[in-house]
Amino acid sequence: MLTSRIVELLGAQPVFIGNEASLGTEITAVFATDLMSDALAMIQDSPETTLLLTGLCNPQVLRTADMLDLHTIVFVRGKNPVNNLTELADEMNLNLYSTCLTMYEACGVLYSAGIQGIER
Amino acid sequence: MSSILRKDYVVVRDDYAGAGRVSSDVKATLSSIGIPSPILRRIAVACYESEINMLIHAYGGDITLEIGDDGVIHMTFSDPGPGIPDIEKAMTPGWSTASDKAREMGFGAGMGLPNIKRVSDEFDITSSPEGTTIQLSFRVT
């Protein structure tokens with residue numbers, strides 16, 4: 001599913017677009033967590049077309065995405081990164097979005113739309 | 001074994017704002033010399049988890065990246081303490097002594113050391129109250 005459709009489903013707003021090239025690629029899986037340790041442990045074998053859904057809003061989220069070669073992060077619960085995160089997102093070529101949905105709601109919407117979790 | 005590339009880094013104690021900078025540089029360095037993506041990702045994950053550990057569990061420390069002429073990438077993480085009292089427990093998934101600060105950062109789930117070991121081709125850890133040293137190796141070919 002294209003990022004634009006996911007953004008539409010979540011009613012999300014773009015916070016920063018640092019990787020325009022990836023906007024035309026399909027998101028193939030979603031991983032939702034506030035624990036970056038779990039993301040590092042679980043997403044390791046997933047493709048870079050995996051979307052990270054999180055309520056944590058700090059530089060470690062971006063670093064984690066960068067280490068895993070991910071390019072799209074959606075912050076739930078209306079979290080909106082401050083300026084220093086957008087600078088880091090620029091450096092790491094990341095796309096950041098924010099949705100007012102809770103984690104539970106966002107997961108439900110995306111799962112119902114047919115997007116799978118990561119392969120295990 | 002001779003080194004064809006070596007970089008040394010310092011992780012400053014309590015520099016939470018800088019957490020992950022070393023790992024980003026390690027990843028960029030290895031990417032620039034053509035290390036393939038699947039291996040690069042494993043090294044980046046191991047390095048980042050280890051760097052975070054040095055901040056949230058230790059008093060900072062030193063990180064060395066070394067590529068040998070045998071095609072093996074070696075990483076060494078040495079900190080000056082306080083050490084890990086029980087390495088066996090620390091290697092158990094889910095077991096954690098992390099602080100509230102670590103949890104605020106999204107870490108402290110007790111997955112760090114097991115994950116570092118899992119993604120490395122070779123893993124060695126020694127610890128005493130004077131410090132902990134982790135040595136990792138990754139085969140490129």
Side-chain angles (χ1 to χ4, degrees), chain A residues 18-19 22 25 29 31-50 52-71 73-77 79 81-94 96 103 118-120, chain B residues 11 15-28 30-31 35-53 55-57 75 90-98 101-120 138:
Chain A
N19 190 337
S22 73
T25 59
F31 189 77
T33 186
D34 287 353
L35 284 172
M36 295 305 107
S37 301
D38 281 359
L40 288 164
M42 306 281 294
I43 304 179
Q44 209 246 110
D45 297 321
S46 296
E48 59 192 44
T49 49
T50 302
L52 178 60
L53 197 62
T54 183
L56 194 66
C57 199
N58 66 29
Q60 270 59 56
V61 176
L62 277 61
R63 295 268 182 207
T64 298
D66 188 41
M67 296 303 143
L68 295 167
D69 299 323
L70 309 184
H71 48 65
I73 303 171
V74 177
F75 297 100
V76 296
R77 303 192 290 273
K79 300 286 178 69
V82 289
N83 288 337
N84 64 334
L85 286 201
T86 57
E87 286 170 20
L88 201 55
D90 191 21
E91 190 182 306
M92 296 173 172
N93 303 318
L94 294 171
L96 310 180
M103 183 79 96
I118 58 168
E119 285 188 23
R120 291 187 288 152
Chain B
V11 175
D15 179 20
Y16 292 104
R21 281 189 191 141
V22 171
S23 302
S24 290
D25 189 84
V26 165
K27 188 167 185 257
L30 295 177
S31 177
I35 301 300
S37 180
I39 298 170
L40 185 59
R41 192 192 277 201
R42 288 199 286 121
I43 297 170
V45 166
C47 185
Y48 186 43
E49 288 275 22
S50 303
E51 183 183 355
I52 291 290
N53 276 349
L55 277 168
I56 65 180
H57 293 298
M75 295 218 63
M91 293 300 300
T92 306
W95 192 86
S96 175
T97 58
K101 177 66 183 174
R103 294 180 200 282
E104 275 174 29
M105 291 166 68
F107 291 88
M111 295 301 289
L113 283 176
N115 197 27
I116 294 166
K117 183 177 182 181
R118 187 173 66 91
V119 299
S120 306
F138 303 86

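Note that these values count all heavy atoms, side chains included, but never hydrogens, waters or copies made by symmetry. Letters go in sequence order (proteins before strands), and every chain restarts at 1.
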Option in B:A109, B:A28, B:S37, B:G112 with maximal non-hydrogen atom pairs under 4.5 Å from chain A: B:A109
Are A:R77 and A:D34 within salt-bridge range, i.e. N to O under 4.0 Å? yes
Over all heavy atoms of both residues, which pair between A:Q44 and B:R41 is shortest? Give the atoms and the distance, please. O-NH1, 2.9 Å
Check A:T50 against A:I43 and note the closest heavy-atom contact, atom names and distance. CG2-CG2, 4.3 Å
Tell me, for B:R118 versus chain A, whether the close heavy atoms (under 4.5 Å) come from the side chain, the backbone, both or neither. side chain
Tell me, side chain or backbone of B:Y48 under 4.5 Å from chain A's heavy atoms, or both, or neither? side chain
Pair count under 4.5 Å, heavy atoms only, with chain B: among A:P59, A:S37, A:A39, highest is A:S37
What are the two closest heavy atoms between A:L62 and A:M92, and how far apart are they? O-SD, 3.6 Å
Side chain, backbone, both or neither: which part of A:E91 has a heavy atom under 4.5 Å from chain B? neither
At a 4.5 Å cut-off on heavy atoms, which part of B:I52 comes close to chain A: side chain, backbone, both, or neither? side chain
Of all the heavy-atom pairs spanning A:F75 and A:P81, show the shortest one and how long it is. CE1-CG, 3.3 Å
Chain B shares the most heavy-atom pairs under 4.5 Å, among A:L40, A:L35, A:V61, with A:L40
Under 4.5 Å from any heavy atom of chain B, what part of A:L56 do you find: side chain, backbone, both or neither? side chain
So which atom in B:G20 and which in A:M67 form the shortest heavy-atom distance, rounded to 0.1 Å? O-CE, 4.2 Å
How far apart are the closest heavy atoms of A:M36 and A:Q60, and which atoms are they? CG-O, 4.2 Å
For A:T64, which atoms come within 4.5 Å of any heavy atom of chain B: side chain, backbone, both, or neither? both
